[in-house]
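Note sheet for the following structure.
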Amino acid sequence: MAGLIIPLSSVTTAKTAARVGTSGCGAQACGSKAEPADMPAALWERIKDHPCYSEEAHHYFARMHVAVAPACNIQCNYCNRKYDCANESRPGVTSERLTPEQAARKVLAVAAKVPQLSVLGIAGPGDSMYDAAKTFATFRLVEKALPDLKFCVSTNGLALPDHIESLAGHNIDHVTVTINMVDPEIGARIYPWIYFRGRRHHGVEAARILHERQMESLERLAEKGVLIKVNSVLIPGINDGHLAEVNAAIKARGAFLHNVMPLISDPAHGTRFGLTGQRGPSPAELKAVQDRLEGGANLMRHCRQCRADAVGMLGEDLSQDFTLGKIEEAPAYDPEPRRLYREVVERERADRRAAAATATAGLSRSSRAEPARLVAVCTKGGGRINQHFGHAGEFQIYEVDSAGVRFVGHRKVEHYCQGGWGDDDSLDGILAALAGIDAVFVAKIGRCPKQDLAKAGIEAVEGHATEYIETALAAWYAQRQAGQDRGIA
Ligand code: CLF
Ligand code: SF4
């Protein structure tokens, strides 16, 4: 465990190494770029430290899930829960199931080592509300020791209407409901069955019951003032053309955020979709659907589709460092590092916002319209370019044009650097993941991968190490605009 402590200085010098459900727990508007000026102060207070509800917060704060809810009351064609898997990073996977008491111990152990921790979520590996007794017992134990932690649950919504009062009573302010359809005919292609009121229902009838319970959940949560996020799994050919209707329906019922996630489909996972060849969307297809939804319910674009026992920053997975065998019986917890960390972050994010505003203001002044560019960034957190190319387990993707710099997603990759040397197989995968990208911003990169990127038409940009992402990207884009203005780009 020694060496796991993530230092406060990570915010400015980037020492956080980074890599990271039920249907997942797992914006350009609130989810992605919201700032205090975009909303009432009281609302900002509720989301500003939540790494899923605020895109800005995900550069600074961590969440953890405890896998106390193994049972589920529906079957999704994209789900196959695994309980002993350390290698897969996707919803429904966990290394071990916990009792509420074990979970509370684990939360204390993580809080003692990870000052970024701000949220405890229960996201399976089954359904947090079907297994509601374990979910609530866990929160009861944790709230005594860590009263400043935000609580979050993720659910398919079928059992949710039965627990609305209890959620409010436990101060659970953030609820995610996975809603993939509002048309039961489409639902029947996603859900083979549900278990409701003591019996199984199949096909369209099952999907209709689920739909009605999900809509009732949204309406009643909204009445209580709970912040609702809706997750939708984008399934090409099944609901890709339907998600605009879902977006409109959830917005009408008070959802705060809509998170459209790509279907993860692989025969090796043993899911029905994986075994029958249903493919997931490409990054470009995902972005196209998300772009089409702009203007409706606020979009979240930074979801990492976490494991049911995920620990750390969203792009990071420390879960294997906090298995039961590695944590103490009674972890010692000092709240001071987390308090100090939040102070540092408040200063840092204000500085970053000011720097970004200045940098992007210059972009709109160019007389020539340079086309929008897609840029990949290597970052370990803090909103800075602070990671070597070879160490990246994911790239954060930004779109830059004369209107500014916008976060649009992330792409996971295998590390290029494998203990001191570069891996050509990984590089092939990285180049495929970077399809459509114009430039990669890195803290450092070796000569060989730089040349290979150049051959693929991707510029590796090294000159902005440790700078804020927005500042660096705006400067790079402004240079291209200047070239356009001089007729040389
Ligand atoms: Fe967990 Fe979900 Fe709460 Fe976040 S995750 S229960 S809202 S604390 Fe976040 Fe993970 Fe995406 Fe979920 S990145 S899968 S959206
Ligand atoms: Fe799996 Fe149940 Fe979540 Fe569907 S709702 S993804 S079946 S755990």
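All ligand and atom numbering here is 1-based and tracks the order in the structure.
- With sequence neighbours left out, E336 forms a side-chain contact (heavy atoms from CB on, under 4.5 Å) with D334, R339, L340.
- Only one option out of N73, L167, T176, L160 pairs with T155 in a side chain to side chain contact (heavy atoms under 4.5 Å, CB included); it is L160.
- Short contacts between ligand 2 and Y78, defined as distances under 4.0 Å to a heavy atom of the residue, involve ligand atoms 6 (S).
- Contact annotation: Y191 has no heavy atom less than 4.0 Å from any atom of ligand 2.
- Below 4.0 Å from some heavy atom of R304 lie the following atoms of ligand 1, by number and element: 11 (Fe), 13 (S).
- Under a cut-off of 6.0 angstrom, the local environment of CD in E205 is crowded, with over 12 non-hydrogen atoms contributed by other residues, nucleotides or ligands.
- Heavy-atom contacts of C303 reach the following atoms of ligand 1: 11 (Fe), 13 (S), 14 (S), 15 (S) (cutoff under 4.0 Å).
- Across the listed options D127, N80, N156, N156 owns the non-hydrogen atom lying nearest to atom 5 (S) of ligand 2.
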For residues 234-241, run the donor-acceptor check on the side chains, cut-off 3.5 Å, and write out each pair with its distance to 0.1 Å, sequence neighbours left out.
from, atom 1, to, atom 2, distance (Å)
N239, OD1, I235, N, 2.7
N239, ND2, N180, O, 3.1
N239, ND2, V233, O, 2.8
D240, OD1, G237, N, 3.1
D240, OD2, G237, N, 3.2

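- Summarising the local packing, CD of E216 is surrounded by more than 12 heavy atoms from other residues, nucleotides or ligands at distances under 6.0 Å.
- Under 4.0 Å from ligand 2, the heavy atoms of C72 that appear belong solely to its side chain.
- Between H170 and the choices F136, F151, F139, the ring-ring contact (aromatic ring centres under 6.0 Å, His included) rule is met once, by F136.
- No more than 12 heavy atoms of other residues, nucleotides or ligands lie within 6.0 Å of CZ in R272, so this atom counts as exposed by the packing criterion.
- Listed by atom number, the atoms of ligand 1 under 4.0 Å from K229 heavy atoms are 7 (S), 15 (S).
- Residue contacts with ligand 2 for I74 involve both N, CA, C or O and side-chain atoms from C-beta outward (heavy atoms, distance under 4.0 Å).
- The atoms of ligand 2 that sit less than 4.0 Å from any heavy atom of P125 are 8 (S).
- Counted by atom type alone, N156 and T178 present zero donor-acceptor pairs between their side chains at under 3.5 Å.
- Among the backbone and side-chain atoms of C79, an N, O or S atom lies under 2.8 Å from atom 1 (Fe) of ligand 2.
- Among the backbone and side-chain atoms of H65, none of the N, O or S atoms lies under 2.8 Å from atom 3 (Fe) of ligand 1.
- Taking every heavy atom of T176 and a limit of under 4.0 angstrom, the matching atoms of ligand 1 come to 7 (S).
- Close approach to C152 involves these atoms of ligand 1, each under 4.0 Å from a residue heavy atom: 3 (Fe), 6 (S), 7 (S), 8 (S).
- Residue contact check: V119 has heavy atoms under 4.0 Å from atoms 8 (S) of ligand 1.
- Residue contacts with ligand 1 for H50 involve side-chain atoms from C-beta outward but no N, CA, C or O (heavy atoms, distance under 4.0 Å).
- Counting atoms of ligand 1 from 1 in the listed order, those under 4.0 Å from a heavy atom of C52 are 4 (Fe), 5 (S), 7 (S), 9 (Fe), 13 (S), 15 (S).
- A cation-pi geometry, defined here as NZ or CZ lying under 6.0 Å from the six-membered ring centre and within 45° of its normal, holds between R384 and Y468.
- Of the charged side-chain nitrogens involved, none lies within less than 4.0 Å of a carboxylate oxygen, so that E470 and R353 do not count as a salt-bridged pair.
- Within the 4.0 Å heavy-atom shell around ligand 1 one finds M300.
- Contact check for D162 versus R213: side-chain heavy atoms found under the 4.5 Å cut-off.
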